[in-house]
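Below: one structure, written as structure tokens.
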Amino acid sequence: MAIQKIPQTDPHAIYQTYQAEINEAIQQVLDSGFYILGDQVESFEQEFATYIGARYGIGVASGTDALIIALRACGVGPGDVVLTVSHTAVATVAAIELVGATALLVDVEAVHFTLDPESLAAAIADVLARPSMGRLKAIVPVHLYGHPANLPAIMHLANQHHLYVIEDCSQAHGATLNQRRVGTWGHCAAFSCYPTKNLGAMGDAGIIVTQDRDLAEHCQRMRQYGWASRYISDTAGMNSRLDALQAAILRVKLKYLDADNGQRQAIARQYSENLQDFPLHLPHTSPGADHVYHQFVLRVNQRNALFTFLQAQGIGVALHYPLPVHQQPAYHRRLPLAPGGLPMTEQLSQEIISLPMHPCLSTAAVATTTAAIASWYEGPGEPTGLDRARAL
Ligand SMILES: *Cc1c(COP(=O)(O)O)cnc(C)c1O
């Protein structure tokens, strides 16, 4: 295996970009003597909520916890059915199961890889026709790779059937649809601030946003033992507090989120220009959407061969994700699927490949990556890739 010359993602490079400010923010927290919740967390919550255009922000320990707490605040629990996609991070489905609900998996659209409203409508009809499946309660759309899901269609169905919508925004900090940020469309939204996300901490972190005061208060209690006031548990809660160090780091990074997303978009443009003549599907942005390119994902034939070829050249490619959730060992054959199954999800998992993508990726690294893809297509003989990669 060749040495990796171009990493797929690079949290250290992002740290170095803002090093002086981040170091100062960390030192301030160390000197303050307050390490959990407190002023830093409250300031981050307010600044992030304002940035998104939401009323309330509730900092928590991870994106998974943000989903769990948001679902519980909406009253989702045992006996409830929650609709989501299988083409996502396992965390989306894990959170639904961890609150005791059943995840019913829906197919995705071919072009944007997000929840397909037609498959969603069919799944809703199916649950209503078979009450033994459980009570239909909520939808969790995922704004995968940084592109907004079809929120107008999803909200329309949700309103029609009185369902909660909890947006999984873990890959789409700052993305907009019709001038409105993702995270403000549903009842609540969950964001992960894992280090490689568009807004990343230097450890685990997450945040929930909502417009609804009752939901916000419920989330606030839940993250700290269900406390309404100190040592008095109003509801049955848990511990999922955000710590001050992560909040202070996130406050620095939030100032540069739009600039970082702009870098990702410039990189995406360069990729698209360099690759437009090859027989592959480039990412597409739907009208009215602003794509923040958490990942730059191609659809290609002979994906495995291209993957092996690029890896051998030291180019950090990845698969997001190699297996849909319903085909993962822990979930195989036990999760209900939308009528007609998930043909697009299953096909995509064979065709997707994520190229290097992070705000510090250089123009030269993008050029090296696209030149390698060109050489794969233009190289001698048919690109049976796997054999050629072995010969390298
Ligand atoms: C990263 C991610 C999560 C989970 O976030 P953690 O902070 O790792 O718990 C959930 N959903 C999606 C779509 C993600 O990308």
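Remember, it's 1-based here, ligands and their atoms both numbered in the order they're listed.
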Legend entry - P283 vs H147 side-chain heavy atoms within contact, under 4.5 Å: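 Sidechains of H147 and P283: no contact.
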Inset, instruction - Check whether any side-chain heavy atom of R251 lies under 4.5 Å from a side-chain heavy atom of K255, and answer yes or no. - result: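 Not touching, per the 4.5 Å side-chain cut-off.
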Legend entry - Option from Y51, Y194, F191, Y293 for which ring-ring contact (aromatic ring centres under 6.0 Å, His included) with H173 holds: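 Exactly one pass, corresponding to F191.
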For [X], take its heavy atoms, then give the atoms of ligand 1 lying under 4.0 Å from any of them.
X	result
T64	4 (C), 5 (O), 6 (P), 9 (O)
T92	11 (N)
V142	13 (C)

Going by distance only, is there an N or O of [X] that falls short of 3.5 Å from an N or O of ligand 1?
X	result
Q171	yes
A205	no
D65	no

Nearest-neighbour protein heavy atom for [atom], which is reported as residue plus atom name and distance:
atom	result
atom 14 (C) of ligand 1	K197 NZ, 3.0 Å
atom 11 (N) of ligand 1	D168 OD2, 2.7 Å
atom 8 (O) of ligand 1	S192 OG, 4.1 Å

Legend entry - ligand 1 versus H294: contacting region, heavy-atom distance under 4.0 Å: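 For H294, no heavy atom sits under 4.0 Å from ligand 1.
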Legend entry - NZ/NE/NH1/NH2 to OD/OE distance under 4.0 Å, E45 and R223: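 A salt bridge links E45 with R223.
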Legend entry - Salt-bridge contact E217-R213 (side-chain N to carboxylate O under 4.0 Å):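 Looking at R213 together with E217, the answer is yes, because their closest N to O distance falls below 4.0 Å.
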Inset, instruction - Can you establish whether the number of heavy atoms outside N23 located under 6.0 Å from its atom CG is more than 12? - result: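 Yes, because the 6.0 Å sphere around CG of N23 holds more than 12 heavy atoms from other groups.
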Inset, instruction - Check whether any side-chain N or O of Y164 sits under 3.5 Å from a backbone N or O of C188 as a donor-acceptor pair, and report yes or no. - result: no
Inset, instruction - Any chance you could lay out the side chain to side chain donor-acceptor pair (under 3.5 Å) test for Q295 and Q8, step after step, and finish with the verdict? - result: CA-CA 9 Å; Q295 299 295 349; Q8 208 267 330; 2.9 Å; yes
Legend entry - Nearest option to atom 3 (C) of ligand 1, as decided by whichever heavy atom of G63, S62, A91, G206 sits closest: A91
